[in-house]
Amino acid sequence: MSLSCHRRANPAYHMSMKPIVTRFAPSPSGFLHLGNARTALFSLLAALPDGRFLLRIEDTDRARVSPVFTDAVLADLDWLGLGAYIDHQAIWRQSAREAIYRGQLDRLSQLGLSYPCFCSPAELAHEREQLRARGLPPRYSGRCARLPESEVKARLARGEPAAWRFRVPGGETVCFVDRVRGPQTVPADTLGDFVVARASGEPMFFFANAIDDALAGVTLVLRGEDHLPNTPRQILLLNALKLPVPEYGHLPLVLGESGVPLSKREGAASVAELREQGFLPLAIVNYLARLGAAIACEDLADLKELAGVFSVDHIGRSPAHFDRQQLLHWQRLALARMPDETLVAWLPAEVPAQARAAFVRAVRPNVLFARDFAYWAAVIYGAAPVTIGTAAGEALQAVGRPFFDIALGALADRTPPGELPGRLKAAGIGGKRLFHALRAALTGSLEGPEMRDLLVLMPPDIISRRLMDAVGVLC
RNA sequence: GCUCCCUUCGUCUAGUGGCCUAGGACGCUGGCCUCUCACGCCGGUAACAGGGGUUCGAAUCCCCUAGGGAGCGCCA
């Protein structure tokens with residue numbers, strides 16, 4: 001077997017003499033899911049701090065692509081914080097570059113490296129089926145490659161529809177070093193002459209994709225492992241056209257909690273969904289940066305800090321599972337980092353202006369999402385009675401009616417609510433029973449912010465009402 | 001069917017022949033703090049998929065098996 005390896009011609013890619021140029025190339029046929037978001041993130045982290053990170057919209061498939069999704073993907077990237085690092089001048093859409101692809105397609109045919117294929121889709125499907133039935137990999141036979149030139153000309157002149165196939169060189173071996181998977185060698189003969197342009201004249205995805213990467217000066221392509229089989233074809237194409245070949249790194253897929261690849265409708269798989277659930281971008285970024293990769297940093301870090309500890313060499317080779325618990329951990333850390341003033345802005349209107357800062361300080365240890373602030377606001381300031389949970393109900397029973405009579409009596413005597421625990425303790429009920437009962441009556445739950453803070457925040461009339469409600473529950 | 005790939009605690013991972021009685025993080029769990037819950041702090045639990053080799057020595061190298069994944073389009 002010959003070993004004429006199409007190794008990249010330009011050693012500069014390897015020696016990091018030139019800045020790294022990476023890109024993210026989503027096809028806007030749906031919302032940005034976590035797997036793609038991670039690919040984008042890794043690509044950005046690989047380029048930071050000195051390189052460039054490009055964004056290309058692969059919208060050549062008019063049937064599936066929608067501008068709605070394009071905008072949504074862009075918005076998601078911005079929201080995650082990646083947008084700030086994208087060279088916005090450099091965002092481009094493949095749909096606007098058809099002339100460029102056509103030019104390269106023409107070059108290919110002028111070089112004699114591509115040929116028209118008149119086989120109908122039905123014929124091809126039939127052929128594939130037969131090969132498969134015989135236990136052979138379904139590859140194109142190369143029938144049209146052997147057509148006499150006169151016949152080709154005649155059929156073309158007749159306007160017969162034809163796709164264009166790349167003439168894969170026989171006997172060669174394509175070699176490349178995948179930055180994630182290591183050295184790869186693929187005998188070109190296993191590829192089969194592949195289609196580079198549809199009969200309609202449109203370029204195939206991986207053709208346009210490779211051309212764009214080369215023309216944009218991309219030095220490192222990070223993408224999902226489902227693109228690995230395309231890589232030898234793209235290298236062959238780029239070599240044939242004398243265009244620079246980037247390095248490639250193929251990321252293992254991200255699996256949902258059920259073990260199914262994330263791209264296939266998994267719950268909570270899209271960035272948009274997580275945003276709606278209240279997750280912070282910093283939490284998602286920190287989670288994703290460590291999903292399927294080893295990062296020498298266990299603290300919450302921003303994109304620049306993450307880039308400092310990120311390395312393509314530490315990307316794992318096995319698929320990673322999405323784990324909500326882990327994401328929640330980063331959410332906790334990300335929330336803890338938010339300054340009080342920011343959190344104050346999240347509060348619903350029912351929290352009085354003069355109490356907002358104190359409210360945030362008291363409640364934030366018990367909160368994971370913005371909506372949790374709303375929950376506590378409703379508990380503390382809401383006119384509606386709280387719903388008493390089972391455990392809370394038992395806490396009420398444990399102290400009995402006299403407890404509430406004492407508390408209500410004290411309040412009637414204009415005792416500040418903050419002194420309630422002291423009063424009750426003096427009456428002989430203390431410790432856990434006291435606080436649990438009080439908490440149960442006031443909030444309906446046994447968990448929540450410090451009672452000390454709660455008693456100060458909660459308006460006295462609401463406290464009285466809640467205590468009376470508790471008595472009602474006891475009866 | 002064929003080709004290629006993957007496999008360390010439940011999860012994310014460290015580990016590239018001796019530093020491994022396998023380390024960290026999340027989770028779970030015990031304790032401390034606290035008149036209560038949470039937060040925080042300190043401990044504990046738990047893994048080299050299985051089987052053969054190679055070697056003085058293997059999580060690390062080789063082979064086989066099992067399980068999982070991807071690809072094989074005029075989809076991207």
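Values below: every heavy atom of this structure, side chains too, minus hydrogens, waters and symmetry copies. A, B, ... follow the sequence lines: proteins, then strands. Residue 1 opens every chain.
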Any protein N or O atoms within reach of nucleotides 35-45 of chain B? Criterion: under 3.5 Å, listing atom names and distances.
{"unit_1": "U36(B)", "atom_1": "O2'", "unit_2": "His436(A)", "atom_2": "NE2", "d": "2.4"}
{"unit_1": "U36(B)", "atom_1": "O2", "unit_2": "Arg439(A)", "atom_2": "NE", "d": "2.9"}
{"unit_1": "U36(B)", "atom_1": "O2", "unit_2": "Arg439(A)", "atom_2": "NH2", "d": "2.7"}
{"unit_1": "U36(B)", "atom_1": "N3", "unit_2": "Arg439(A)", "atom_2": "NH2", "d": "3.0"}
{"unit_1": "U36(B)", "atom_1": "O4", "unit_2": "Glu450(A)", "atom_2": "OE1", "d": "2.4"}
{"unit_1": "C37(B)", "atom_1": "O2", "unit_2": "Gly448(A)", "atom_2": "N", "d": "3.1"}
{"unit_1": "C37(B)", "atom_1": "O2", "unit_2": "Gly448(A)", "atom_2": "O", "d": "2.1"}
{"unit_1": "C37(B)", "atom_1": "N3", "unit_2": "Gly448(A)", "atom_2": "O", "d": "3.3"}
{"unit_1": "C37(B)", "atom_1": "N4", "unit_2": "Glu450(A)", "atom_2": "OE1", "d": "3.4"}
{"unit_1": "C37(B)", "atom_1": "N4", "unit_2": "Glu450(A)", "atom_2": "OE2", "d": "3.3"}
{"unit_1": "A38(B)", "atom_1": "O2'", "unit_2": "Pro365(A)", "atom_2": "O", "d": "3.0"}
{"unit_1": "A38(B)", "atom_1": "O2'", "unit_2": "Asn366(A)", "atom_2": "OD1", "d": "3.3"}

Applying the 3.5 Å cut-off to both distances, the Watson-Crick or G-U partner of A38(B) turns out to be none
Quiz item: For atom P, what is the distance between U65(B) and G1(B), given to the nearest Å?
Solution: 14 Å
In whole angstroms, the gap separating C1' of A25(B) from CH2 of Trp330(A) amounts to 8 Å
The nucleotide from C6(B), G27(B), G1(B) with an atom nearest the side chain of Arg317(A) is C6(B)
Of the candidates G24(B), C6(B), A76(B), the side chain of Glu58(A) sits closest to A76(B)
Comparing nearest nucleotides in RNA chain B, the 5'-proximal residue of the pair Ser27(A), Arg134(A) is Arg134(A)
query = Is the distance from OP1 or OP2 of A25(B) to the nearest side-chain N or O of His329(A) less than 4.0 Å?
reply = no
Rounded to whole Å, CG of Asp226(A) lies from C1' of G73(B) at a distance of 15 Å
- With sugar-phosphate meaning primed atoms plus P, OP1 and OP2, does Ala199(A) contact a base, only sugar-phosphate, or nothing at under 4.0 Å between heavy atoms? base
Exercise for the section: Describe the nucleic acid contact of Ala293(A) in one word from base, sugar-phosphate, nothing, applying a heavy-atom distance below 4.0 Å. Expected result: sugar-phosphate
How is Thr190(A) classified with respect to the nucleic acid when contacts are heavy atoms under 4.0 Å: base, sugar-phosphate, or nothing?
nothing
Subject >> Ring centers of Phe207(A), Tyr101(A) separated by less than 6.0 Å >> reply: no
For this session: May I ask you to say what Arg290(A) touches in the nucleic acid, namely base, sugar-phosphate or nothing, with a heavy-atom cut-off under 4.0 Å?
Result: sugar-phosphate
Of the candidates C74(B), C6(B), C72(B), the side chain of Arg233(A) sits closest to C72(B)
Using Watson-Crick geometry (N1-N3 plus N6-O4 or O6-N4) or G-U wobble (N1-O2, O6-N3), each under 3.5 Å, U60(B) is paired with none
Separation of C75(B) atom C1' from Gln94(A) atom CD, nearest Å, is 13 Å
Task: Inter-nucleotide C1' distance (C35(B), A46(B)), Å rounded - done: 37 Å
Can you find a side chain N or O atom of Arg165(A) that sits less than 4.0 Å from OP1 or OP2 on C74(B)?
yes
By a 5.5 angstrom centroid cut-off and a 30 degree plane limit, is there stacking between His227(A) and A70(B)? no
Original post:
Are Phe369(A) and Leu335(A) side-chain neighbours, meaning at least one heavy-atom pair lies under 4.5 Å?
Top reply: no
Mate of U11(B) across any strand shown (Watson-Crick or G-U wobble, both atom pairs under 3.5 Å) is A25(B)
ask   = Which part of the nucleic acid does Asn209(A) contact within heavy-atom distance under 4.0 Å: base, sugar-phosphate only, or nothing?
value = nothing
**Q.** Contact check, side chains of His250(A) and Thr231(A), non-hydrogen atoms, under 4.5 Å
**A.** yes
Just checking Arg364(A): base, sugar-phosphate only, or nothing, at a heavy-atom cut-off of under 4.0 Å? nothing
Separation of G1(B) atom C1' from Glu127(A) atom CD, nearest Å, is 17 Å
- [ ] Describe, in one word, how the ring planes of Phe176(A) and Tyr248(A) are oriented to each other, choosing from parallel (under 30°), tilted (30 to 60°) and perpendicular (over 60°).
- [x] perpendicular
Glu225(A) CD to G68(B) P, in whole Å, measures 16 Å
Q) With a 6.0 Å cut-off on ring centres, are His227(A) and Phe205(A) close enough? A) yes
Is the shortest side-chain N/O distance from Arg198(A) to OP1 or OP2 of A76(B) below 4.0 Å? yes
Of the listed A25(B), U11(B), C72(B), the closest approach to the Arg132(A) side chain comes from C72(B)
Quick check on the 6.0 Å ring-centre criterion: do Phe166(A) and Tyr115(A) meet it?
no
*Whole-Å P distance, A14(B) and U60(B)*: 16 Å
Whole-Å distance, Asn230(A) CG to C72(B) C1', equals 11 Å
Of Pro161(A) and His321(A), the one whose nearest nucleotide on RNA chain B sits closer to the 5' end is His321(A)
Nearest-Å distance once atom P is located in both C74(B) and G18(B) | 50 Å
Side-chain donor-acceptor pairs under 3.5 Å in residues 37-44 of chain A, sequence neighbours left out?
{"unit_1": "Arg38(A)", "atom_1": "NH1", "unit_2": "Leu291(A)", "atom_2": "O", "d": "2.8"}
{"unit_1": "Arg38(A)", "atom_1": "NH2", "unit_2": "Pro252(A)", "atom_2": "O", "d": "2.5"}
{"unit_1": "Thr39(A)", "atom_1": "OG1", "unit_2": "Gly35(A)", "atom_2": "O", "d": "3.1"}
{"unit_1": "Ser43(A)", "atom_1": "OG", "unit_2": "Thr39(A)", "atom_2": "O", "d": "2.8"}

In whole angstroms, the gap separating C1' of C74(B) from CZ of Phe166(A) amounts to 17 Å
* To do: Please say whether more than 12 non-hydrogen atoms of neighbouring residues, nucleotides or ligands are located less than 6.0 Å from CZ in Arg423(A).
  => no
With P as the reference atom in both, quote the distance from G53(B) to C72(B) in angstrom, rounded to an integer. 40 Å
Taking CZ in Arg317(A) as the centre, count heavy atoms belonging to other residues, nucleotides or ligands within less than 6.0 Å. Is the count above 12? no
Take atom P in G50(B) and the same atom in C32(B), then report the distance between them in whole Å. 39 Å
Answer for the Watson-Crick or wobble partner of U55(B), both distances under 3.5 Å, is none
- Task: In whole angstrom, give me the gap between the P atoms of C61(B) and U7(B).
- Result: 10 Å
His250(A) atom NE2 is separated from C6(B) atom P, nearest whole Å, by 14 Å
Pairing partner of C2(B), by Watson-Crick or G-U wobble and under 3.5 Å for both distances, is G71(B)
Treating Arg179(A) as the side-chain partner and Glu247(A) as the backbone partner, does any N or O pair qualify as donor plus acceptor under 3.5 Å? no
When rounded to the nearest 0.5 Å, the distance separating CZ of Phe404(A) from CG of Leu411(A) is 12.0 Å
Across every strand shown, the nucleotide meeting Watson-Crick or G-U wobble geometry with A49(B) (both distances under 3.5 Å) is U65(B)
Partner of A76(B) under the Watson-Crick or G-U wobble criteria, both distances under 3.5 Å, comes out as none
Reckon Arg128(A) touches a base, only the sugar-phosphate, or nothing at all at heavy-atom distances under 4.0 Å? sugar-phosphate
When you compare U16(B) with G23(B), how far apart are their C1' atoms, in angstrom units rounded to a whole number?
16 Å
